[in-house]
*Asks:* 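Sharing a structure with you now.
Note that these values count all heavy atoms, side chains included, but never hydrogens, waters or copies made by symmetry. The sequence lines fix the lettering, A, B, ..., with proteins before strands; numbering per chain opens at 1.
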Amino acid sequence: MPVAAPLPDIRQHLAGLLRTALASVAPEQHDTEILLERPKQASHGDFASNLAMQLARALKANPRQIAERLQRELPPSPWVIKTEIAGAGFINFTLAPAARTAVVHTVLAHGGDFGRGLSKGKKLQVEFVSANPTGPLHVGHGRGAAYGASLASLLAYAGYQVAREYYVNDAGRQMDILAVSTWLRYLELFDEIIPFPPNAYQGGYVREMAEQIKLAHGDRYVHPIEAIMTCVPDTDDLEAKLDGFIAAGKDLLGEDWSYVHGHALNEQLTDCRADLEEFGVHFDVWFSERSLYDTGMVAKAVAALEAKNHIYEQDGAKWFRSTAFGDEKDRVVQRDNGIYTYFASDIAYHLNKFERGFDKVVDVWGADHHGYIPRVKGALAASGADTDKLDVALVQFVSLFRDGQKAAMSTRAGEYVTLRQLRAEVGNDACRFFYMLRKCDQALDFDLDLATSQSNDNPVYYVQYAHARICSVFGQWEGDAASLGKVDLTPLIHEREAALCARLAEFPELIQQGARDYAPHSIAFYLKDLAADFHGWYNAERVLVDDEATKHARLALALATRQVLRNGLSILGVSQPASM
RNA sequence: GCCCUCGUAGCUCAGUGGAUAGAGCGACCGCCUCCUAAGCGGUAGGUCACAGGUUCGAUUCCCGUCGAGGGCGCCA
């Protein structure tokens, strides 16, 4: 450490001073928690403690008097130049300048690891997006992707070993509907015109897949309308009709059905994966729902619940007694036709996650799935798993506004703005950052007109601009940035410089807090504040001044600021341009 | 009806058991001979939805009311 004496963690240091005073003033209260907060106002010093107020009740004394007694017993410290009693009984600490600016050296010494938490020795999984691969991702999925990716990065940065996972629903009815939609479009290409079901997938990408199949295999999958229609019931029930088309496909195509099905799945999954990679969202594992069936995990999970007497039969179906675990009604795990429900495979999936040895499993779900939590936790509890290991982060809806009108969003109707379109219009950086400007439990109104036509107002540019400005300064300075690591910082005397240093020092605490609360949005807000502190300072004080000592100290501060901007932006998956 | 989330400045939203509740946009007044004006400084703007409770202290925690959005399928 380049300072004269090793700088302790300043918060711990102050807590130690207070503990010493506490032992002297009220030894019987030695286990009182010592809290230190950063006052909002500079006039209240660098740190404040409410210890005296906490003790007021036990000591039956006025908080201000207790504070004065504590203040008298505080050991002297080279890092503290002033303590004050203020307000209702706060003890305010004002730090020596060297204690304030020391963070600059710390940042420069740690570089890209500044703020990174020590390894917690815990394995953690974040599962997110997990959209059905039945069509392009839309802006709602985009929010889940941005949130999940930023959360995973944040948790990793905080010291957890993080695995990112996408659960692929490749086994359910929705995939069958996509397959049959593709097949029907394919038949149209051979003038086997069947009125396209309104509840099948309408999007243009379905026609494209049909064209591909025709190109590759010609008329191999063509069957006459009459044969198909014999499988389709004459009813007003659209879902029953759709199931009839699916049955026809499976019947008539036989083995070939799995080709059509597989082609559609593969196309959509490949597209989805590419889309996310372009968005800077990476997954370690793409977990197949179907694999749970193939390996018998679903049947095994249900059988295990059955063995523990948590399953009963009614109307030919098997029900899980989730009411015994706080759910509002029991849930079907196996339908009367023998087919397992999505719920059944999800039980197996979560048991599988737990078997993989994660200390914590985080599911990022759309808010519309909230009613699903009690039954999943119930099934896990019934299976003997530790439900405290499962956390669910609910992400609220995204409403899209174009021309002041709320845009329609329907996957089946194919009427929605895709994540791709959004990224093309707004740009990846602005997209990622914009998504992080709301906490996840807040509904997000995404105004396309604002995000596109006025994209210069997007706060991401404000933050990136701070980074670019610093790069520009270093482009004009002829010295070696590596030499700044041990430079003398005493020329940093202005209030703005102290404020900027304090902001930098907050970063490691912010990481831990954000990780604890699953709140990556706090990083985005912090970066805005950091950029504001920098811009304010930059406008008030010139960096490249004639005085060498001052210049070097300011360069060091600028460099440290750039480093923290980079560390924060990396967590959010936002680039750090050197010029704009 | 039951469940979830939300209600903070004109608008969009942060935030917190603690001191004078913050930012952006919008409004108004200023700042480039000077490291990027995608910037900065200043002014105006608030009953933190409402009513109780816990607390030395509540915008924050708890209960209720009102309001907004969402969810309640042998769909996924």
Side-chain angles (χ1 to χ4, degrees), chain A residues 35 37 39-41 43-44 48 50 52-57 60-63 86-90 92 130-132 134 169 171-175 177 239 289 314-319 327-329 331-346 366-374 394-397 399 411 437-445 447 450 454-466 468-477 519 521-522 524-526 528-529 531-532 534-545 551 554-555 558 579-580:
Chain A
L35 297 170
E37 59 182 31
K40 291 168 200 150
Q41 280 188 71
S43 65
H44 293 147
N50 64 349
M53 284 109 101
Q54 289 177 283
L55 293 170
R57 166 161 255 203
K60 295 189 173 58
N62 180 314
F90 291 98
N92 293 338
S130 297
N132 288 341
T134 53
N169 297 124
R173 179 167 177 266
Q174 294 303 322
M175 269 312 301
I177 296 174
E239 297 301 325
E289 181 191 7
Q314 186 182 309
D315 304 329
K318 286 187 180 175
W319 297 70
D327 200 3
E328 53 193 19
K329 55 176 288 194
R331 310 290 174 174
V332 172
V333 290
Q334 191 175 18
R335 294 194 281 267
D336 54 5
N337 59 9
I339 295 175
Y340 289 107
T341 60
Y342 175 84
F343 178 41
S345 55
D346 225 11
D368 54 328
H369 281 59
H370 87 265
Y372 203 71
I373 299 171
L394 294 177
V395 179
Q396 291 287 334
F397 276 6
S399 302
T411 308
L437 287 174
R438 294 280 182 286
K439 52 185 172 187
C440 67
D441 44 16
Q442 182 81 256
L444 171 62
D445 288 343
D447 186 334
L450 184 74
Q454 298 180 32
S455 61
N456 280 357
D457 288 341
N458 195 303
V460 70
Y461 295 106
Y462 182 78
V463 177
Q464 289 179 321
Y465 186 51
R469 270 183 151 175
I470 297 170
C471 290
S472 173
V473 170
F474 277 92
Q476 287 162 66
W477 178 57
H521 75 277
S522 62
F525 283 92
Y526 169 83
K528 274 172 45 172
D529 289 341
F534 171 75
H535 286 308
W537 173 59
Y538 181 89
N539 273 269
E541 310 295 340
R542 196 178 159 77
V543 176
L544 298 176
V545 290
K551 179 166 75 181
R554 289 181 181 171
L555 281 164
S579 66
M580 291 174 71

*Asks:* Is a side-chain donor-acceptor pair under 3.5 Å present for A:Gln174 with A:Thr134?
*Replies:*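 No, because no side-chain N or O of A:Thr134 sits under 3.5 Å from a partner of the opposite role on A:Gln174.
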*Asks:* Given B:rU36, is OP1 or OP2 found less than 4.0 Å from the side-chain N or O atoms of A:Gln476?
*Replies:*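 For A:Gln476, the contact criterion (side-chain N or O under 4.0 Å from OP1 or OP2 of B:rU36) is met.
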*Asks:* Which value, in whole Å, describes the distance between the C1' atoms of nucleotides B:rG15 and B:rG7?
*Replies:*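 Nearest-Å result for B:rG15 against B:rG7 at atom C1': 15 Å.
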*Asks:* B:rC28 pairs with which nucleotide, Watson-Crick or G-U wobble, both distances below 3.5 Å?
*Replies:*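 Here B:rC28 is engaged in a pair, and the nucleotide opposite it is B:rG42.
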*Asks:* Expressed as a whole number of Å, how far does the C1' atom of B:rA19 sit from that of B:rA58?
*Replies:*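 Their C1' atoms lie roughly 14 Å apart.
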*Asks:* Taking any heavy-atom pair under 4.0 Å as a contact, classify A:Lys439: base, sugar-phosphate, or nothing.
*Replies:*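 It contacts sugar-phosphate atoms only.
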*Asks:* Should the ring pair A:Phe343 and A:Tyr372 be called parallel, tilted or perpendicular, given that the plane angle runs from 0 to 90° and is split at 30 and 60?
*Replies:*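 Answer is perpendicular, since the angle exceeds 60°.
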*Asks:* Just by distance, do the side chain of A:Arg554 and the backbone of A:Arg542 share a donor-acceptor pair under 3.5 Å?
*Replies:*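 Side chain of A:Arg554 to backbone of A:Arg542: a pair is present.
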*Asks:* Between B:rU5, B:rA14, B:rG18, which nucleotide gets closest to the side-chain atoms of A:Gln442?
*Replies:*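 Among B:rU5, B:rA14, B:rG18, the one nearest the side chain of A:Gln442 is B:rA14.
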*Asks:* I want to check one thing: is the phosphate of B:rG1, taken as OP1 and OP2, less than 4.0 Å away from some side-chain N or O of A:Lys329?
*Replies:*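 No, because none of the side-chain N or O atoms of A:Lys329 sits under 4.0 Å from OP1 or OP2 of B:rG1.
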*Asks:* Would you kindly give the CH2-to-P distance between A:Trp319 and B:rC74, to the nearest whole Å?
*Replies:*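 It works out to 5 Å between those atoms.
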*Asks:* Quick check for you: among B:rU36, B:rA19, B:rC72, whose closest atom lies nearest to any side-chain atom of A:Tyr538?
*Replies:*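 Of all the options, the side chain of A:Tyr538 is nearest to B:rU36.
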*Asks:* Does A:Asp368 reach the side chain of A:Leu394, with side-chain heavy atoms less than 4.5 Å apart?
*Replies:*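 With C-beta onward as the side chain, the pair stays apart.
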*Asks:* Quote, to the nearest angstrom, the P distance that separates B:rU47 from B:rA9.
*Replies:*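 Roughly 8 Å separates the two P atoms.
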*Asks:* Using the P atoms only, state how far B:rA51 lies from B:rU8, rounded to an integer number of Å.
*Replies:*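 Approximately 16 Å lies between the P atom of B:rU8 and that of B:rA51.
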*Asks:* Let's test your reading of the model: under 3.5 Å, does the base of B:rA76 pair with the side chain of A:His369 as donor and acceptor?
*Replies:*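 By the distance-only test, yes, there is a pair.
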*Asks:* Would A:Phe90 count as stacking on B:rA19 if stacking means ring centres less than 5.5 angstrom apart and planes tilted under 30 degrees?
*Replies:*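 Stacking is present between B:rA19 and A:Phe90, given that their ring centres fall under 5.5 Å apart and the planes under 30°.
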*Asks:* Counting only N and O atoms by type, is there a donor-acceptor contact under 3.5 Å from the side chain of A:Asn337 to the main-chain atoms of A:Ile339?
*Replies:*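 Yes, A:Asn337 side chain to A:Ile339 backbone: donor-acceptor pair under 3.5 Å.
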*Asks:* Would you indicate which nucleotide in B:rA76, B:rG39, B:rC6 comes nearest to any side-chain atom of A:Asn539?
*Replies:*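 Closest nucleotide among those given: B:rG39.
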*Asks:* Ignoring backbone atoms, establish whether A:Arg542 has a side-chain N or O less than 4.0 Å from OP1 or OP2 of B:rC35.
*Replies:*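 Answer is no, no contact under 4.0 Å.
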*Asks:* Would you say B:rG73 has OP1 or OP2 under 4.0 Å from some side-chain N or O of A:Arg331?
*Replies:*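 So the side chain of A:Arg331 is outside the cut-off, no N or O lying under 4.0 Å from OP1 or OP2 of B:rG73.
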*Asks:* Is A:Asn92 side chain donor-acceptor paired with the B:rA19 base, going by distance under 3.5 Å alone?
*Replies:*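 Side chain to base: pair present.
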*Asks:* Looking at A:Tyr465, is its backbone amide N or carbonyl O close enough to the side chain of A:His535 to form a donor-acceptor pair, meaning the two atoms are under 3.5 Å apart?
*Replies:*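 No; zero donor-acceptor contacts below 3.5 Å.
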*Asks:* Ignoring hydrogens and angles, are the base of B:rC40 and the side chain of A:His535 linked by a donor-acceptor pair under 3.5 Å?
*Replies:*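 Result: no qualifying N/O pair found.
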*Asks:* May I ask you to verify whether the side chain of A:Asp368 and the base of B:rG70 hold a donor-acceptor pair under 3.5 Å?
*Replies:*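 Flag unset: no donor-acceptor pair detected.
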*Asks:* With P as the reference atom in both, quote the distance from B:rU60 to B:rG64 in angstrom, rounded to an integer.
*Replies:*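 Approximately 15 Å lies between the P atom of B:rU60 and that of B:rG64.
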*Asks:* Using a 4.0 Å heavy-atom cut-off, does A:Ala367 contact any base of the nucleic acid, only the sugar-phosphate backbone, or nothing at all?
*Replies:*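 No contact.
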*Asks:* Using only side-chain N and O atoms of A:Arg335, determine if any of them is under 4.0 Å from OP1 or OP2 of B:rA76.
*Replies:*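 The answer is yes; a side-chain N or O of A:Arg335 sits under 4.0 Å from OP1 or OP2.
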*Asks:* Taking only side-chain N and O atoms of A:Tyr461, does any of them lie within less than 4.0 angstrom of OP1 or OP2 on B:rU36?
*Replies:*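 Indeed not, no polar side-chain atom of A:Tyr461 lies that close.
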*Asks:* Verify the stacking flag for A:His370 against B:rG70: centroid separation must be under 5.5 angstrom and the ring planes must differ by under 30 degrees.
*Replies:*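 It does not: the two rings, one from A:His370 and one from B:rG70, miss the stacking criterion.
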*Asks:* B:rC56 P sits how many Å from A:Asn50 CG, rounded?
*Replies:*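 Roughly 14 Å, once rounded to whole Å.
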*Asks:* May I ask you to verify if any side-chain N or O of A:Gln54 is less than 4.0 angstrom from the OP1 or OP2 atom of B:rC56?
*Replies:*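 For B:rC56, neither OP1 nor OP2 has a side-chain N or O of A:Gln54 closer than 4.0 Å.
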